[in-house]
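Basis for what follows: all heavy atoms, side chains included, without hydrogens, waters or symmetry-related copies.
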Amino acid sequence: MNAHDTAHPNQFALLGQRRFAPFFWTQFLGAGNDNLFKFAFTVMVTYQLESRWLTPELAGLVIGALFILPFLLFSATSGQLADKYDKAAIMRLVKWLEIAIMALAGWGFVHGDVVVLLACVFGMGLHSTLFGPVKFAYLPQHLDERELTGGNGMVEMGTFVAILLGSVAGGLLIALPEVGATAAAIACLGVAILGRLVAQAIPSSPSTDPDLAINWNPFSETWRNLKLAHGNVVVFRSLLGISWMWFFGAVFLAQFPSFAKDVLHGDEHVASLLLVVFSVGIGIGSLLCEVLSRRHVEIGLVPFGAIGMSVFSIDLWASAGALPLHAPFGVGAFVAAAPHWHVMADLFLLSLFAGLYSVPMYALIQMRSESSHRARIIAANNILNALFLIASSVGVGLLLKAHFTIPQVFLAVGLLNAVVAGYIFFLVPEYFLRFVAFIATRLVYRFRVRGDAHIPVQGPAILVCNHVSFVDPVLLMAASPRPIRFIMDHQIFRTPVLGWFFRLAGAIPIAPQRVDPGVYAQAFESARRVLDAGDLLCIFPEGAITRDGALGEFKGGVMKLLETNPVPVIPLALQNLWGSFFSRAGGAAMTRPFRRGLFSRVGLVAGDAVEPQAVTPASLRARVQGLLAS
């Protein structure tokens with residue numbers, strides 16, 4: 001536990017705070033009402049109404065398409081509105097719209113009017129389209145970097161629980177004899193009214209771009225939004241990564257009824273059980289993100305999540321293909337059969353890893369997007385999500401038409417997930433680098449960080465740290481909420497694996513001036529560009545790794561940079577690393593027992609920032625020495 005954590009209670013404590021709780025319950029009720037209405041309507045069309053033009057086989061497809069259509073048409077406009085106006089005011093207006101839509105839907109339920117209900121499906125899609133950019137742009141205005149992962153985890157967990165509860169409630173209410181339609185109508189309207197009442201308590205979220213001129217043309221603005229998102233490579237490729245997660249999840253959600261009936265030989269209640277398992281897995285994975293990330297935006301979880309998604313999708317194909325044929329199961333008989341637990345475990349774990357995959361990506365987008373157009377970036381994400389959902393439906397349809405079985409579809413999407421995720425991580429090496437740092441600080445070392453709140457979450461700064469081992473930069477990556485560029489001895493780049501890794505990390509090679517004046521000068525020029533760009537730069541002022549882990553004499557690199565870039569300097573100290581795995585002592589001891597082996601306890605201490613005018617080599621060395629002794 002970091003000392004700074006006392007100022008930031010865990011994610012569940014946010015439910016007791018006005019800046020988060022009213023917003024959370026507003027979005028929870030909205031997501032629940034969407035699915036209460038849609039599922040009740042689907043069941044009504046399937047079992048209770050006879051329509052010559054909307055058959056039960058087409059109902060799910062038509063309802064899904066109508067709900068997604070507003071995301072394509074109006075996401076760009078909704079992003080502009082969320083950037084231009086107070087987000088709390090927009091959320092209240094959206095809740096008024098929901099009440100009007102649900103009042104009309106109530107009339108449609110009672111009179112069995114399919115056309116009216118389809119119009120309301122489109123209306124609720126519009127409601128969600130307007131709410132989406134506001135929802136994700138609201139969080140960074142009210143949560144700091146250490147709370148952002150937990151807040152997003154709570155929202156994602158709440159969304160999937162609301163989807164589950166809304167779907168179950170819709171199915172149960174509409175099935176009530178004689179009064180089902182009336183009960184569903186009352187419930188939809190009641191939840192909408194409750195959502196509006198809760199939204200009244202959402203605190204003000206001032207406009208981030210009040211002078212924005214709204215472009216009401218959805219087509220030109222959609223293209224403009226996508227170009228705006230593409231301007232930040234890491235953010236745009238993260239948007240693609242999130243959209244891929246929705247593609248992946250849609251494959252499983254859409255196939256649950258057929259999978260339960262044709263593969264697992266279960267009834268409709270077994271299909272509902274699969275939805276419960278999937279939703280619980282997503283929720284738990286989302287909540288685990290804060291714990292595993294040590295309360296930072298830890299994108300190292302994304303490759304970890306992608307690996308789990310592929311592994312358990314492929315294992316689901318294997319476990320489902322080995323099931324014996326039986327007569328149709330009810331839930332009791334299904335749960336009593338041991339092979340079915342393997343299937344449910346695979347489904348639970350793949351959804352849990354999907355939660356680990358998606359939450360850090362959302363948090364990264366919120367943190368790295370400019371506040372003035374953050375909502376428009378989220379709107380671009382919604383557009384991409386809708387396109388990927390359509391592609392998912394078309395792709396699965398083609399596979400089924402090509403006589404793929406449902407388990408084979410799961411195998412195909414699991415393999416494709418490995419390819420897509422690998423491609424994204426190749427394009428954005430930061431994900432892979434953070435994954436290595438995540439593994440090193442959880443599986444190789446027991447890593448404790450103190451004072452990491454002193455590492456700034458924005459703006460340029462120079463980090464200075466003692467140099468103990470080749471793994472020092474990896475540990476510093478794990479402790480920082482932002483990417484760090486390192487200045488490192490040029491000789492390490494000649495080492496095959498380490499050289500490739502540090503080049504991937506964008507490390508800057510430096511050589512002594514007497515050895516290679518060109519490399520020396522280029523290193524400082526590159527370092528200045530890093531600081532000019534507002535990024536973090538880390539220097540090991542001693543140069544090479546010290547022989548015994550103690551501090552050597554600090555050299556003048558920091559002072560040279562401060563002459564042209566007077567930025568804050570943050571002293572850092574790595575503790576207990578000498579003689580452990582990957583340190584020079586450990587490397588020399590490969591043929592004898594390590595002084596401290598795997599899982600050895602190491603630490604990092606960050607000190608208060610030092611203003612540039614107060615920095616001298618002697619004072620800096622003294623500060624790091626003091627941190628080492630603390």
Side-chain angles (χ1 to χ4, degrees), residues 1-2 149 288-308 311 353 356-357 360 422 425 429-452 455 463 465-484 486 488-489 492-493 495-507 538 540 544-549 572-606 627-628:
M1 175 72 71
N2 297 321
T149 295
L288 282 175
C289 287
E290 183 184 67
V291 177
L292 294 175
S293 68
R294 292 199 178 106
R295 320 200 56 196
H296 282 301
V297 176
E298 179 51 84
I299 63 174
L301 288 172
V302 176
F304 186 49
I307 292 168
V311 167
F353 278 96
L356 294 178
Y357 172 93
F425 304 147
E430 187 181 345
Y431 282 108
F432 171 74
L433 296 170
R434 296 290 299 211
F435 177 61
V436 172
F438 175 81
I439 295 298
T441 54
R442 271 70 169 183
L443 299 182
V444 178
Y445 297 108
R446 290 180 294 162
F447 188 50
R448 184 184 181 193
V449 182
R450 288 185 289 140
D452 52 330
I455 302 175
L463 313 179
C465 188
N466 59 318
H467 203 7
V468 188
S469 74
F470 292 129
V471 82
D472 296 353
V474 176
L475 299 180
L476 293 172
M477 284 181 201
S480 172
R482 298 162 58 196
I484 303 174
F486 296 91
M488 303 187 67
D489 191 321
I492 198 172
F493 293 89
T495 307
V497 176
L498 288 176
W500 169 81
F501 179 82
F502 290 123
R503 285 190 193 94
L504 191 66
C538 182
F540 300 103
I545 297 172
T546 55
R547 292 181 178 275
D548 58 0
L572 306 170
L574 285 163
Q575 301 173 321
N576 303 324
L577 192 58
W578 182 251
S580 67
F581 206 70
F582 295 124
S583 74
R584 177 172 289 186
M590 292 299 287
T591 58
R592 67 180 190 272
F594 296 120
R595 299 183 196 176
R596 290 190 300 276
L598 292 175
F599 307 112
S600 55
R601 185 184 296 277
V602 300
L604 175 74
V605 185
L627 295 175
L628 277 170

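Scored by the ring-ring contact (aromatic ring centres under 6.0 Å, His included) test, F438 finds F304 as partners (sequence neighbours excluded). Scored by the side-chain contact (heavy atoms from CB on, under 4.5 Å) test, A505 finds L433, M477 as partners (sequence neighbours excluded). With sequence neighbours left out, I307 forms a side-chain contact (heavy atoms from CB on, under 4.5 Å) with V311, F435. Applying the side-chain contact (heavy atoms from CB on, under 4.5 Å) test to L627 and every residue at least two apart in sequence or in another chain returns P571, A573, V605. For Y431, the ring-ring contact (aromatic ring centres under 6.0 Å, His included) partners two or more places apart in sequence, or in a different chain, are F425. The ring-ring contact (aromatic ring centres under 6.0 Å, His included) check on F501 picks up nothing, with sequence neighbours excluded.
When all heavy atoms are compared, the tightest approach of L301 to S293 is CD1-CB, 4.2 Å. Nearest heavy atoms, V602 versus N576: CG1-O, 3.5 Å. The shortest heavy-atom contact between L504 and F432 is CD2-CD2, 3.6 Å. Taking both residues in full, the closest heavy atoms of P483 and E430 are given as CG-OE2, 3.2 Å, listed atom of the first, atom of the second, then distance.
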Worked check of side chain to side chain contact (heavy atoms under 4.5 Å, CB included) between C538 and L476: CA-CA 9 Å; C538 182; L476 293 172; 3.7 Å; yes

Chi angles and distances behind the side chain to side chain contact (heavy atoms under 4.5 Å, CB included) call for I484, L463: CA-CA 9 Å; I484 303 174; L463 313 179; 3.7 Å; yes

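R442 places a side-chain N or O within donor-acceptor distance of the main-chain N or O of L292, the cut-off being under 3.5 Å. Between the side chain of S480 and the backbone N or O of R482, at least one donor-acceptor pair lies under 3.5 Å.
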